[in-house]
Amino acid sequence: VLVLTRRTNESIVIEGGITVTVLEVKGDQVRLGIRAPRSVAVHREEVLAELTKANRDAAAASPAPEVREALGALRPRSG
Amino acid sequence: VTAPQPTRLAPRELELPAGLVGLPDAVRFRLESWGDDDSPFGLLQSLDDPDLAFVVVAPELFFPDYAPEVPDDVVAALELQEATDIALLAIVTVGDPVERSTANLLGPLVVDLATGRAAQAVLSPEEHEPRVPLLAASGG
């Protein structure tokens, strides 16, 4: 892991037009400003972890054929 | 970019160049309609891994108000234009009983209907959840 020390309002620049700036440090919280091209996805790690788990759970729950009919008949409840 | 969505899922092949979140190798899929003729559900079967499949649903049937904006990174990845016809698919975690199944509205699949290319969007966790019951708990 590359370790860099930065002060408030200092940045690191990552190839690909990405700049990460330390905006504020308060206790154990750090506010970061991230400038990146629109094509670059920026996400909190825990959100990706949550989606990873959701995807794996959904794959693991791939239903047996007998479930198919029951699920296929599922419709929204009206009212 | 907004999504006019068909309710009935037509069989076709889909390519997810970036895979799914946490499953980057899951790239090539076949979407099959699933259930009886009127079923809104589909089966997204991996063509790379026969043991990998997902139940999906066009979310607007169960969630009429669900119309998220497609994130910029997905627009770029799929090279979507303003006039591109897209559809959303929500991955379903099948429950036991099936009435307890949930849909992932945090990470919908965005499908370019013309090319069959698709990507899993990562929406705002402040606005969307990964396990939303298909049937509202209070619905009877």
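Below, chains carry the letters A, B, ... as their sequence lines are ordered, and counting in each starts from 1.
- Heavy-atom distances place the side chain of L23(B), and not its backbone, under 4.5 Å from chain A.
- A salt bridge does not link D96(B) to R100(B): none of the charged side-chain nitrogens sits closer than 4.0 Å to a carboxylate oxygen.
- Put simply, of L20(B), L106(B), I91(B), V57(B), the one with the most heavy-atom pairs under 4.5 Å next to chain A is L106(B).
- Linking Ile, Leu, Val, Met, Phe, Trp and Tyr whenever their side-chain heavy atoms come within less than 4.5 Å leaves V27(B) and F54(B) in two separate clusters.
- In terms of hydrophobic clustering, with Ile, Leu, Val, Met, Phe, Trp and Tyr side chains grouped at heavy-atom distances under 4.5 Å, V13(A) and I18(A) are assigned to different clusters.
- Using a cutoff of 4.0 Å between basic side-chain nitrogens and carboxylate oxygens, D112(B) and R117(B) are not scored as salt-bridged.
- Highest contact tally toward chain B, considering only A41(A), A36(A), A70(A), is held by A41(A) [criterion: heavy-atom pairs under 4.5 Å].
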